[in-house]
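These numbers come from the heavy atoms of this one structure, side chains and all, not from hydrogens, waters or symmetry mates. The chains referred to below are lettered A, B, ... by the order of the sequence lines, with proteins before strands, and numbering in each begins at 1.
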Protein chains: 2
Amino acid sequence: MGRPPAKSPAAKPVPRLDRGVLPTLLGYALRRAQSAVFADFSATFSAAGEALTPGEFGLLVLVGRNAGLSQTALARALGIDRSTLVPILDRLQARGLLVRRRSPSDGRMHALALTSSGGEALARFTGLVKTHERRIGSRLSAAETRTLIGLLEKVRLGARSL
Amino acid sequence: MGRPPAKSPAAKPVPRLDRGVLPTLLGYALRRAQSAVFADFSATFSAAGEALTPGEFGLLVLVGRNAGLSQTALARALGIDRSTLVPILDRLQARGLLVRRRSPSDGRMHALALTSSGGEALARFTGLVKTHERRIGSRLSAAETRTLIGLLEKVRLGARSL
DNA sequence: CGGCGATTGTTTGGGCATCAAACAAATTCT
DNA sequence: AGAATTTGTTTGATGCCCAAACAATCGCCG
């Protein structure tokens, strides 16, 4: 499938370009893997007629599991600015997946919560994520997957320059 | 500066929020590691008074190592659309790091090449990247780093849904 | 108890990545 | 020669990201 067996002598040279040091770089491998995984995530959802990004999934899980979370706390957990979170919540709220309720104890805060339909959607999404995870981990044994997650965690901690 | 050592009993509860299934997900670990690594990359460069993204570094390496590369070939290698590449090259060219020369053999193509100053800059950048790589890999043995890169490659191949 | 400082969510403004669609110029195929 | 393809570009639409400024609200402290 790479190229027509041996037909046209030099239809498309496909020069197999030189990547220099890149293949030895951890950051490069990470970036490429991340990109492929993101594409697989998107494809898995759109194939099921759903639309969601990994970030939105993480957000929904966090809100679903932590009742009455504030936007600032959520932004912190996601590692993004509070102002960045606003349009994301707007969209999710417009889709009817979550609501911003005024906190009774503190009039400044919004207590975030999934709607019932948001809860159902999250269950559905979680199923799709499991399918997706099965695919991206298909070339790894269960032990390798655990190892990988552990190593990624070490990288994350080592990178801390924030 | 983090917080007053042990003064007020419950100044900020910091509720340690529940991440649900997220910690078991490979995609989640990947995304978090990627984010931290990106931040470390930026910090490493800006601390040295330079400014570059991982993507730009990869692009420069590719152009430096593959003389006369066309924009379409480069976009393919980077996994982005040719139209996305245009403003990126504009910026790099404006910084004097590379040039678009018209190909003598094919008037449609641009033969990309680093300028001499671009070559010098790339050498400097490569040094910074090595520093950065040392930091993000600081909690890993050399063997673990190799293992990690190998596992990431397997993930990338497994994810192929393009 | 009244004002001041801190916190929260939001708006605005700027930057950058990404894709799709449409186009002119150049090349290649028929 | 004429048609089809390729290449780089422009335009338009999303979306993420941050910083700075702001109104509303809360909490502390005099």
Side-chain angles (χ1 to χ4, degrees), chain A residues 8 10-14 31 34-35 38-39 41-43 46 51-59 68-95 98-112 162, chain B residues 3-4 7-8 10-14 31 34-36 38-39 41-43 46 51-59 68-95 98-112 162:
Chain A
S8 31
K12 274 290 171 58
V14 187
R31 219 152 55 79
Q34 161 71 16
S35 164
F38 183 92
F41 189 101
S42 291
S46 83
L52 205 73
T53 65
E56 290 169 340
F57 177 73
L59 187 156
L69 201 60
S70 78
Q71 293 185 194
T72 295
L74 178 56
R76 264 171 164 284
L78 295 175
I80 62 178
D81 195 274
R82 18 198 236 303
S83 65
T84 303
L85 188 55
V86 174
I88 300 175
L89 290 177
D90 286 346
R91 188 162 8 103
L92 260 17
Q93 189 165 28
R95 285 172 65 175
L98 56 77
V99 285
R100 291 186 248 222
R101 297 204 194 91
R102 279 243 97 88
S103 166
S105 57
D106 189 334
R108 294 167 297 180
M109 291 197 315
H110 278 166
L112 300 172
L162 308 180
Chain B
R3 56 223 126 127
K7 197 73 152 315
S8 31
K12 274 292 170 59
V14 186
R31 219 152 55 78
Q34 160 70 17
S35 164
F38 184 91
F41 188 101
S42 291
S46 84
L52 204 74
T53 65
E56 289 168 340
F57 177 72
L59 188 155
L69 200 59
S70 78
Q71 293 185 195
T72 296
L74 179 56
R76 266 172 163 281
L78 295 175
I80 63 179
D81 195 272
R82 16 197 240 303
S83 65
T84 303
L85 189 55
V86 174
I88 299 175
L89 290 177
D90 287 347
R91 188 163 8 104
L92 261 18
Q93 189 166 27
R95 286 173 65 175
L98 56 78
V99 285
R100 292 186 247 221
R101 295 203 194 92
R102 279 243 96 88
S103 166
S105 58
D106 189 334
R108 295 167 299 182
M109 292 196 318
H110 280 165
L112 300 173
L162 309 179

J.: Who are the salt bridge (Lys or Arg N to Asp or Glu O under 4.0 Å) partners of A:Arg108, not counting sequence neighbours?
T.: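 Residues passing salt bridge (Lys or Arg N to Asp or Glu O under 4.0 Å) with A:Arg108: A:Asp106.
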J.: Above 12 or not: heavy atoms from other molecules or residues under 6.0 Å from CZ of B:Arg102?
T.: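 Result for CZ/B:Arg102: enclosed.
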J.: CE of B:Met109 versus C1' of D:dT6: gap in Å, rounded?
T.: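 Value for this atom pair: 10 Å.
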J.: Between B:Thr53 and C:dC16, is there a side-chain N or O to OP1/OP2 distance below 4.0 Å?
T.: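 No.
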J.: What's A:Ser70 touching, base or sugar-phosphate or nothing? Going by heavy atoms closer than 4.0 Å.
T.: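 If one applies the 4.0 Å heavy-atom cut-off, A:Ser70 turns out to touch the sugar-phosphate alone, with no base involved.
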J.: In chain order, what residues pass the side-chain contact (heavy atoms from CB on, under 4.5 Å) check against A:Ser70, with sequence neighbours excluded?
T.: A:Thr72, A:Ala73, A:Met109
J.: Find the distance A:Leu52:CG to D:dT14:C1' and express it as a whole number of Å.
T.: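 Going from A:Leu52 (CG) to D:dT14 (C1'), I get 16 Å.
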J.: Whole angstroms only, please: what is the CG-P distance between B:Leu69 and D:dT6?
T.: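 So the two atoms are 18 Å apart, to the nearest Å.
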J.: Could you list by number each residue of residues 85-95 of chain A showing a heavy-atom separation from DNA chain C of less than 4.0 Å, or answer none if no residue does?
T.: A:Val86
J.: Please give, in whole Å, the distance from D:dT7 C1' to B:Leu74 CG?
T.: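 Rounded to whole Å, this separation is 14 Å.
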J.: Within the pair B:Gln71 and D:dT9, is there a side-chain N or O less than 4.0 Å away from OP1 or OP2?
T.: yes
J.: So which pairs with a foot in residues 75-89 of chain A pass salt bridge (Lys or Arg N to Asp or Glu O under 4.0 Å), sequence neighbours left out?
T.: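 For residues 75-89 of chain A: none.
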J.: Not counting sequence neighbours, which residues clear side-chain hydrogen bond (donor to acceptor under 3.5 Å, both in side chains) with B:Ser103? List them please.
T.: B:Ser105
J.: Which residues pass the salt bridge (Lys or Arg N to Asp or Glu O under 4.0 Å) test with B:Arg100, sequence neighbours left out?
T.: B:Asp90
J.: As an exercise, state the distance from CG of B:Leu112 to CG of B:Leu74, rounded to the nearest 0.5 Å.
T.: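 Going from CG on B:Leu112 over to CG on B:Leu74, the span is 6.0 Å.
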J.: Among residues 98-106 of chain A, which residues get a heavy atom nearer than 4.0 Å to DNA chain D?
T.: A:Asp106
J.: Do A:Ile88 and A:Ile80 come close enough that some side-chain heavy atom pair is under 4.5 Å?
T.: yes
J.: Which residues pass the side-chain hydrogen bond (donor to acceptor under 3.5 Å, both in side chains) test with A:Arg91, sequence neighbours left out?
T.: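 Result, side-chain hydrogen bond (donor to acceptor under 3.5 Å, both in side chains) vs A:Arg91: A:Glu56.
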J.: Scan nucleotides 20-25 of chain C against the protein and return all N/O pairs shorter than 3.5 Å with their distances rounded to 0.1 Å.
T.:
unit_1: C:dA20; atom_1: N6; unit_2: B:Ser83; atom_2: OG; d: 3.1

